[in-house]
Amino acid sequence: MGFRGLRALHSALRLVAAGGARCFSTRPARVPRMEYQDAIRTLNTLQTNASYLDQVKRERGDPQVQLEAMKGFLERSGLKVEDLDQLNIIHVTGTKGKGSTCAFTERILRNYGLKTGFYSSPHLVQVRERIRIDGQPISKELFSKYFWQVYNRLEETKDPGHTSMPAYFRFLTIMAFHVFLQEKVDLAVVEVGIGGAYDCTNIIRKPIVCGVSSLGIDHTSILGDTIEKIAWQKGGIFKPGVPAFTVPQPERPLEVLRVRARESSCPLYLCPDLGAFEEDDQALQLGLAGEHQRCNATLALQLSRAWLQQQGYQGTGELKDLQPSAELLGKRPVPLAPAFRPSGSMVQGLRDTEWLGRTQVLQHGPVTWYVDGAHTTSSVQACVRWFRQAALNEEKPVDGSEVRVLLFNATGDRDTAALLKLLLPCQFDYAVFCPNFTEVSAVGNADQQNFNVTLENMLTRCLENQKKWNQLMEEKVGQDLWLSPHMQVEGVGSLLKPDPLRSPLLFVPSSERALNSNSLVFPCISHALQWITQGRDPHFQAPATKGLHLHPVAGSGAVLLKEAAAIRVLVTGSLHLVGGVLKLLDQSLSQ
């Protein structure tokens, strides 16, 4: 984007912010707030995910540099690595499904009367979601207590010769260990942040059991650009003598995991299909929708059973009489774990599992939200299968007036064109793109502040995503549908056309050719939702604005959305986008 384009972005944003005297800030506000908000703002100064990724890139040449630095921070906070052995940890990595696997596992073990800790990332609405006890985010009071306890200890032990404070994710990892130890959990389910070998959670010496969910391509700048390199990173969590389980993987990455396990003297097993745990054609009921969740559930069953057995618990499920044939085993580089009859606690745990933002459906009057944080090729494929099936099962409007809307954003080094291409079969009437901010101004919403990515960069990315979508639609349809010649504009500097009546800011697509796609870009999630819902979602409180969009797609779309008997909205591409949407649609998540 050129200098004029950036100036245009700034000018347009000032016009939007003027009505509410709000402006976008990239610095934490110093206005006195509740202690919890002060804790979150201070946490944000420790850098967000973008800076952490850069730090990982710099240190990845020698994994010991990163792990030793993490151990140093842990010791300065008052803990030793040996102390973590008390937490009876289940350590889980993978590309997709690792969070869902952890959620299944935690819920199963909670059903045994155990006090559980669960550390995951990222959060959707509030940071404290990352640290859970008995399935619930720790309270604001507990978060504040442990945050300042750890932060002050690190402040008091500053060393001028070294980095004084850990980065955002490292700090939260250390804090989670403090919470789990002092709150005396019986076990901790710990989800790896990125990769495995170099991840800061990998200071764990003696987990009880490890798991590897489905592998795919993601975070290539950190983990490598092939699935084999990524598998090598994931296998870095294997520990001597600690059993590990994985789900069916492509042949080459599975072989990499096998070699990593052998090098670490780690017994590695392959999970059988969930059907092996079911009897008399009675399918196990899962709390998380989607066929792909069956893979995560079978991994959770094995992790839970292994943990219970290692800890000497009874009622861990009777082994099935039918064992895999020697011929079948001989074809597998990794031995197949035995199937067993799940206990009642396991069956109930799978059924009762909840995990926000993953294959989640919200029915709000005529508007149905399909929310899934898929952000890799394989996870978007699974999302598309789930959405098409879920939408197909919904009762069709009598008059047939159904409008389908895609709300999308993608960040990082992901191949957006590939992800968007996978979404084409869903046959959306409109595609809407916006950054991951709930409002144009992030001030007052410390949980979702990000000081490392500018709004201009995010909006530019959205415009690029829109352009890719339009190109895909042109290839699919091959003809112009809506953009008349006099509306074509040149350059980003001509892109912004704020409504003089202060309706939500809308960005008009720019192209040398006429576009055939009904696509729009908004500067924040709130404005996007306001256009999509047209006041018809009783749970969404739209900001007070006047007037209609001047753009023809927005105007004609508004008419259709107001008159449609059913509006079906798929929200996907980013867990951060999903979190922002859920925050606006469910006010209780912000309490």
Side-chain angles (χ1 to χ4, degrees), residues 87-94 96-120 129 131-137 176 180 183-192 207-214 242-247 269-279 282-320 337-356 358-360:
L87 291 177
N88 302 316
I89 290 170
I90 297 174
H91 203 191
V92 182
T93 188
K96 62 168 185 167
K98 65 181 186 291
S100 297
T101 296
C102 289
F104 278 128
T105 304
E106 184 279 329
R107 191 65 185 90
I108 288 171
L109 293 174
R110 193 172 6 129
N111 274 1
Y112 279 83
L114 296 163
K115 185 174 183 178
T116 62
F118 180 10
Y119 178 59
S120 64
E129 297 166 23
I131 305 174
R132 296 172 181 259
I133 293 179
D134 286 336
Q136 297 300 313
F180 295 153
E183 294 297 317
K184 296 181 170 54
V185 300
D186 295 312
L187 72 130
V189 180
V190 177
E191 178 188 0
V192 166
I208 302 300
V209 62
C210 295
V212 181
S213 67
S214 296
V242 176
F245 296 87
T246 189
V247 297
Y269 302 94
L270 187 66
C271 295
D273 183 80
L274 191 62
F277 298 85
E278 299 170 335
E279 291 185 336
Q282 292 293 314
L284 289 167
Q285 299 299 310
L286 305 182
L288 305 182
E291 186 68 20
H292 58 289
Q293 293 294 354
R294 290 176 61 83
C295 193
N296 301 326
T298 187
L299 179 54
L301 285 172
Q302 295 288 359
L303 294 174
S304 302
R305 186 172 189 270
W307 189 95
L308 291 164
Q309 286 185 321
Q310 292 280 338
Q311 297 298 300
Y313 281 80
Q314 302 299 314
T316 59
E318 179 186 353
L319 287 179
K320 291 281 189 93
F340 55 89
R341 294 182 178 87
S343 68
S345 295
M346 293 176 179
V347 172
Q348 183 181 350
L350 291 177
R351 184 177 63 243
D352 294 344
T353 298
E354 296 180 352
W355 194 225
L356 294 182
R358 285 78 170 179
T359 58
Q360 183 179 359

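This structure is a prediction, so every number in the text was calculated from the model and none was measured. If you read the sequence from its start, that first residue is 1, and numbering goes on from there. Reckoned from all heavy atoms, side chains included, excluding hydrogens, waters and symmetry mates.
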Going by side chain to side chain donor-acceptor pair (under 3.5 Å), name the residues that satisfy it together with [X], two or more places apart in sequence or in a different chain.
X: Arg358; answer: none
X: Asp134; answer: none
X: His292; answer: none
X: Asn111; answer: Arg107

Check the pair Trp307, Phe245 against ring-ring contact (aromatic ring centres under 6.0 Å, His included), reporting the backbone distance first and the verdict last.
-> CA-CA 12 Å; Trp307 189 95; Phe245 296 87; over 10 Å; no

Distance from [X] atom [atom1] to [Y] atom [atom2], nearest 0.5 Å?
X: Thr353; Y: Gln348; atom1: OG1; atom2: CD; value: 10.0 Å
X: Leu301; Y: Arg305; atom1: CG; atom2: CZ; value: 10.5 Å
X: Leu109; Y: Gln311; atom1: CG; atom2: CD; value: 10.0 Å
X: Gln302; Y: Leu270; atom1: CD; atom2: CG; value: 9.5 Å
X: Arg132; Y: Arg110; atom1: CZ; atom2: CZ; value: 9.5 Å
X: Gln309; Y: Phe340; atom1: CD; atom2: CZ; value: 8.0 Å

List the atom of [X], the atom of [Y], and the distance in Å for their closest heavy-atom pair.
X: Pro272; Y: Ala337; answer: CD-O, 3.5 Å
X: Leu303; Y: Cys210; answer: CD2-O, 3.3 Å
X: Thr359; Y: Ala289; answer: OG1-O, 2.9 Å
X: Phe277; Y: Pro342; answer: O-CD, 3.5 Å
X: Ala283; Y: Glu278; answer: CA-OE2, 3.3 Å
X: Asn296; Y: Gln293; answer: ND2-OE1, 2.9 Å

Give a yes or no on whether the backbone of Lys115 and the side-chain of Lys184 come within a donor-acceptor separation of less than 3.5 Å.
->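 Judged by distance alone, no pair lies under 3.5 Å.
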
Measure the shortest side-chain to side-chain distance between Thr298 and Asp273 over non-hydrogen atoms and say whether it is less than 4.5 angstrom.
-> no

Do Glu191 and Val92 have side chains that get closer than 4.5 Å, going by heavy atoms?
->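 Counting from C-beta outward, Glu191 and Val92 never come under 4.5 Å.
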
For [X], check side chain to side chain contact (heavy atoms under 4.5 Å, CB included) against everything at least two apart and list the hits.
X: Ala176; value: Tyr119, Ile131, Phe180
X: Thr93; value: Val192, Val212, Lys234, Ile237
X: Glu291; value: Arg294
X: Val247; value: Ser214, Gln249, Cys295, Leu299

Got a sec, which residues hit ring-ring contact (aromatic ring centres under 6.0 Å, His included) with Phe104, two or more places apart in sequence or on another chain?
->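 Expected list: none.
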
Check each of Val185, Val190, Val189 against Leu187 using the side-chain contact (heavy atoms from CB on, under 4.5 Å) test, and report the only one that passes.
->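 Single pass found, and it is Val189.
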
Qualifying residue for side-chain contact (heavy atoms from CB on, under 4.5 Å) with Glu106, from Thr116, Ile90, Leu114 | Thr116

Exercise: do Tyr112 and Ser343 side chains pair donor with acceptor under 3.5 Å |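 Short answer, yes.
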
